[in-house]
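Everything on this sheet refers to the single structure shown next.
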Protein chains: 2
Amino acid sequence: MKQTEFFIGQLAKHTNCKVETIHYYEKTGIMPKPPRTEGGHRIYSLSDAKRLKFIRRSRELGFNIGQIKELLKFIDESGHYCGEVKTMAMQQTIEVQKKIDDLLRLKKALNEVICECKGGGYSIDDCPIIDALYVEKQ
Amino acid sequence: MKQTEFFIGQLAKHTNCKVETIHYYEKTGIMPKPPRTEGGHRIYSLSDAKRLKFIRRSRELGFNIGQIKELLKFIDESGHYCGEVKTMAMQQTIEVQKKIDDLLRLKKALNEVICECKGGGYSIDDCPIIDALYVEKQ
DNA sequence: GTTGAACCTATAGTAACTACAGGTTTTATA
DNA sequence: TATAAAACCTGTAGTTACTATAGGTTCAAC
């Protein structure tokens, strides 16, 4: 086996990823079905490692497998444009910002509870946490 | 049936939640086992609706069922001492802050990548977003 | 040639739902 | 009052993105 080829365990180690996760990625189709040894062991290349790192990083950034499939199409197929990618990334930041805003509100609410807390329990009709979260939405 | 009581379908509608999800919440114990009609239909009250809204909102904020159980203790268990409640609330804020930090990092990463991207009809081969995710990083 | 690590496939389990099947209750209308 | 449709019931299976386990095979070093 050449130095640029390796088995799944090595790939897993290099990408900080479990072997089973790579199997799973293969099943979903975002990782390719690689060539095998006579005995059936998967043989990976450096570009497989690169692809897997891309997948892991994208997952960290909150993209799901479906979205990563879309992103990988940009790489795998020609004829796509940068704007498509930017749009997806921007959509992602909007989602993230929404979550941050919500959490900041929750944190504020919890802090208020901490400050107001002088003993005894709150009833469901008079709980500052409940109130903080009980926001009607349209 | 009084105006302050309703069946699961109405509760679901009011809380923007599926009937099956309410069943599920009951199974996990974060929603109570409500009284039933002769025929076995669940009867809910306004405070159940309030509780469910709280749960839904907390879920939106990224709390899991276990954490929501903790939050609900503020409401359900009246026998807590002030210090105990305070500790729980403070622990919860730490969790919230962690989530905020994670999301801020994520947003920063996305932004860095977006800012470098010209977008539009540029070729994918030049897209800094793809590059940022795809290229080897130390 | 043997051993042990690493690999293989297949299945089941996880969280937090969601969907469906097959049956019962409620309720509005004829 | 009878009936029909909507809403409810329970229970099971499917979803996503993994993770864990079982039981068996291959690789590679000694």
Side-chain angles (χ1 to χ4, degrees), chain A residues 1-3 5-44 48 51-72 92 95 99, chain B residues 1-3 5-45 48 51-72 95 99 102 106:
Chain A
M1 183 160 270
K2 302 168 213 163
Q3 276 209 306
E5 291 183 334
F6 32 91
F7 289 150
I8 200 165
Q10 286 299 308
L11 179 61
K13 200 170 282 177
H14 283 319
T15 50
N16 207 27
C17 180
K18 301 247 163 85
V19 167
E20 292 87 352
T21 307
I22 302 173
H23 286 161
Y24 172 72
Y25 288 156
E26 188 180 316
K27 213 159 53 185
T28 64
I30 56 174
M31 280 298 283
K33 283 183 190 295
R36 305 271 187 133
T37 61
E38 291 272 296
H41 284 28
R42 290 167 176 83
I43 302 170
Y44 289 104
D48 291 322
R51 186 183 185 91
L52 183 51
K53 277 180 190 166
F54 173 82
I55 291 167
R56 297 301 286 172
R57 184 127 178 69
S58 303
R59 288 285 302 125
E60 273 173 26
L61 295 184
F63 291 99
N64 63 34
I65 302 279
Q67 292 171 317
I68 294 172
K69 254 181 202 165
E70 294 300 303
L71 287 172
L72 285 168
Q92 199 61 28
E95 295 300 314
K99 280 188 193 142
Chain B
M1 182 160 274
K2 301 168 212 162
Q3 278 209 307
E5 291 182 336
F6 33 90
F7 289 150
I8 200 165
Q10 286 298 309
L11 179 61
K13 199 170 283 178
H14 283 320
T15 50
N16 207 25
C17 180
K18 301 250 163 85
V19 167
E20 292 88 350
T21 307
I22 302 173
H23 286 161
Y24 172 71
Y25 288 157
E26 189 180 316
K27 212 159 52 184
T28 64
I30 56 174
M31 280 298 284
K33 282 182 191 294
R36 306 271 186 133
T37 62
E38 292 271 297
H41 283 28
R42 289 166 177 83
I43 302 169
Y44 289 104
S45 68
D48 290 322
R51 186 185 185 91
L52 183 51
K53 276 180 190 166
F54 173 82
I55 291 168
R56 296 300 288 169
R57 188 114 181 79
S58 303
R59 286 287 304 126
E60 276 174 24
L61 296 184
F63 289 97
N64 62 36
I65 303 279
Q67 292 171 318
I68 295 172
K69 258 181 198 163
E70 292 302 303
L71 285 172
L72 285 168
E95 294 298 314
K99 281 200 191 110
D102 279 351
L106 198 159

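None of these values were measured; they are calculated from a predicted model. Lettering follows sequence order; numbering is per chain, from 1.
Residues A/Ile55 and A/Leu72 are in side-chain contact: their nearest non-hydrogen atoms beyond the backbone lie under 4.5 Å apart. Considering only heavy atoms from C-beta on, B/Ile65 comes within 4.5 Å of B/Arg59 through its side chain.
Comparing atom distances between the A/Thr21 side chain and each of D/dC18, C/dA19, C/dC17 picks out D/dC18 as nearest. The side chain of A/Phe7 lies closest to D/dA28, out of D/dA28, D/dC18, C/dC17. Side-chain proximity of A/Arg36 to the nucleotides D/dC18, D/dC9, C/dC8 is greatest for C/dC8. Residue A/Val19 has its side chain nearest to C/dC7 when only C/dA16, C/dC7, D/dC18 are considered. If you check C/dA19, D/dA20, D/dT16 against the side chain of A/Lys18, the one that comes closest is D/dA20. Listed candidates were C/dC8, C/dT26, C/dA15. Nearest to the side chain of B/Thr37 is C/dT26.
B/Arg51 and B/Tyr44 are not linked by any side-chain donor-acceptor pair at a separation below 3.5 angstrom, with hydrogens and angles left out of the test.
C/dC7 atom P lies 12 Å from atom CD1 of A/Ile43, rounded to whole Å. One interatomic measurement links the two molecules: CD of A/Glu20 to C1' of D/dT21, which rounds to 9 Å at whole-angstrom precision. B/Ile68 places its CD1 atom 12 Å from the C1' atom of C/dC17, with the value rounded to the nearest Å. For the pair A/Tyr24 OH and C/dA10 C1', the computed distance is 16 Å after rounding to whole Å. For A/Ile55 and D/dC18, the CD1 to C1' distance is 14 Å, given to the nearest whole Å. In this structure, B/Ile22 atom CD1 and C/dC17 atom P are separated by 12 Å, rounded to whole Å.
Atoms CZ and CG, on A/Phe6 and A/Asp48 in that order, are 7.0 Å from each other to the nearest 0.5 Å. Taking CG of A/Leu11 as the start and NZ of A/Lys13 as the end, the distance is 12.0 Å to the nearest 0.5 Å.
Using a 4.0 Å cut-off, some side-chain N or O of B/Arg59 falls inside it from OP1 or OP2 of C/dC17. Checking the phosphate oxygens (OP1, OP2) of D/dT10, a side-chain nitrogen or oxygen of B/Arg42 falls inside 4.0 Å. Between B/Tyr25 and the phosphate of C/dC17, there is a side-chain N or O to OP1/OP2 separation shorter than 4.0 Å.
The residue among A/Glu26 and B/Gly39 whose nearest nucleotide of DNA chain C is located toward the 5' end is A/Glu26. Both A/Ile8 and B/His41 sit near DNA chain C, but only A/Ile8 has its closest nucleotide nearer the 5' end. Place B/Lys27 and B/Gly9 on DNA chain D by their nearest nucleotides, and B/Gly9 ends up nearer the 5' end.
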